[in-house]
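Notes to accompany the following structure.
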Amino acid sequence: MGTSPSQSGIARLCTFYRRETWIEGRAEDQLTDVSRFPGMQAVAGFPDLHPGRFGPVGAAFLADRIWPQLVGPDIGCGMALFRLDLPRHRLKLDKAVRRLAVLDAGAAPERAVQALAAAGLAGRIGAAGLGTIGGGNHFCELQVVAQAEPGSPLAVGTLCLLVHSGSRSLGARVLEGIGQDWRQGFAPGSAAARDYLALHDLAEAWARLNRRLIAETAAEALGADLDLVCDAVHNHLIRQGDLWLHRKGAASVAGGLVPLAGSREAESYLLATPDAVPEALASVSHGAGRRYDRSAMHGRIAKTRSDLAALSRTRFGGRVVCADRDLLIEEAGAAYKSPAMVVADLDHFGLARRLAVLEPLITWKTGGLA
DNA sequence: ATGTCC
């Protein structure tokens, strides 16, 4: 673990990647910048660290103030893994792709309203948009367990759904709606902080519900029952005594199990997360981390028919459904680092242990024209 | 990240 010398008034900064792990310099600069925010107590950087708009992604920040930009616009975004009771031999890939097209419409309105009420959120936040995946790096992926370690809750051959999504336009509206004052952070107890926290908590609850409804919609389309294995939020804010823990692209280990997303060309992982290293701020990586930003990918992959066709098939024999050609290129497997290296780093520092390896079968981004 | 910006 890399640790900066701690002095009075300077945050403790710990990084959890080995020397041989490539981290973009600009992301490390952002991590240092944030560690110098007034009142910052501790910062943890993980091996999927990469640059973001307001600060690094793949990090956790403990502060005596509330910094909405360190959570970002997609409040409550997270990764949820579900087990399906569908036997693999009954899965017909192309038929499943056709059936999953219902994902573009989101959850049925009656179901969305009912789920919102059951979650105690009726009248506090809208049901519109529930069950929609969104854009960017979000997806709903059908996976199969390829390897399982002792203690894994998932057996080899089990079909799963991994859902990566958040609060859609709700979280973005929260960040935009609080004006520009947030650039200096909010003092806890201030009216601004209370307003932000109330909306933040709603957006986080909505996002968790959103992931479940996406998975339920997909499972129903496949004729399968499902049960939740784990759901780990990675963009949020949570109180820790007198301090505030901000996570940006860093998964909470509160549930003891965390899904770590691979890419279209790399396996995902189920991790056991013991929370035994206080400097890691009860957080781990949530994915492989970007190697190339979105614009750089357009310079690396041509928008030819054959290149786009290649991106729609994976080395696992799977399918990628993404009618938005730009997004397909921006989210190509080549845009991401190796999740195996990320997991190796987390294991090296005692933050996570590999329980299962999952291969992608169908990645659903968007079937409609964007 | 955004029924987003060009």
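Small disclaimer: the values here were computed from a predicted structure and weren't measured.
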Exercise for the section: Measure centre to centre between the rings of A/Trp67 and A/Phe61, then say whether the value is under 6.0 Å. Expected result: no

Practice task
Test side chain to side chain donor-acceptor pair (under 3.5 Å) on A/Arg168 and A/Thr132 and set out the steps.
Solution key: CA-CA 8 Å; A/Arg168 309 289 284 103; A/Thr132 58; 2.8 Å; yes

Practice task
Starting from P on B/dA1, measure out to CD on A/Glu330 and report it in whole angstrom.
Solution key: 10 Å

Problem - N or O in side chain of A/Arg173 less than 4.0 angstrom from B/dT2 OP1/OP2 - result: no

Exercise for the section: Could you state the atom-to-atom distance from CG of A/Asn210 to C1' of B/dT2 in whole Å? Expected result: 14 Å

Practice task
Starting from P on B/dA1, measure out to NZ on A/Lys248 and report it in whole angstrom.
Solution key: 7 Å

Exercise for the section: Mind calculating the distance between CZ (A/Phe139) and P (B/dA1) to the nearest angstrom? Expected result: 11 Å

Exercise for the section: Take A/Arg291 and A/Tyr336 through the test side chain to side chain donor-acceptor pair (under 3.5 Å) and record every step on the way to the result. Expected result: CA-CA 5 Å; A/Arg291 176 179 300 279; A/Tyr336 288 91; over 6 Å; no

Exercise for the section: Whole angstrom is fine here: how far is it from NE2 in A/His164 over to C1' in B/dA1? Expected result: 9 Å

Exercise for the section: Using only side-chain N and O atoms of A/Arg294, determine if any of them is under 4.0 Å from OP1 or OP2 of B/dA1. Expected result: yes

Practice task
Could you check how far CD of A/Glu176 sits from P of B/dA1, rounded to whole Å?
Solution key: 15 Å

Problem - Under-4.0 Å side-chain N/O to phosphate OP1/OP2 contact, A/Asn235 with B/dA1 - result: no

Exercise for the section: Would you kindly give the CG-to-P distance between A/Asp324 and B/dA1, to the nearest whole Å? Expected result: 13 Å

Practice task
Give A/Gly171 one of three labels, base, sugar-phosphate or nothing, depending on what nucleic acid heavy atoms sit under 4.0 Å from its own.
Solution key: nothing

Exercise for the section: Can you tell me the distance, in whole Å, between the CG atom of A/Asp326 and the P atom of B/dC5? Expected result: 17 Å

Problem - Sugar-phosphate only, base, or nothing, as touched by A/Gly134 at under 4.0 Å among non-hydrogen atoms - result: sugar-phosphate

Handout entry: Pairs flagged by ring pair (Phe, Tyr, Trp, His ring centres under 6.0 Å) wherever residues 136-160 of chain A is involved - sequence neighbours left out
Key = A/His138-A/His164, A/Phe139-A/His164

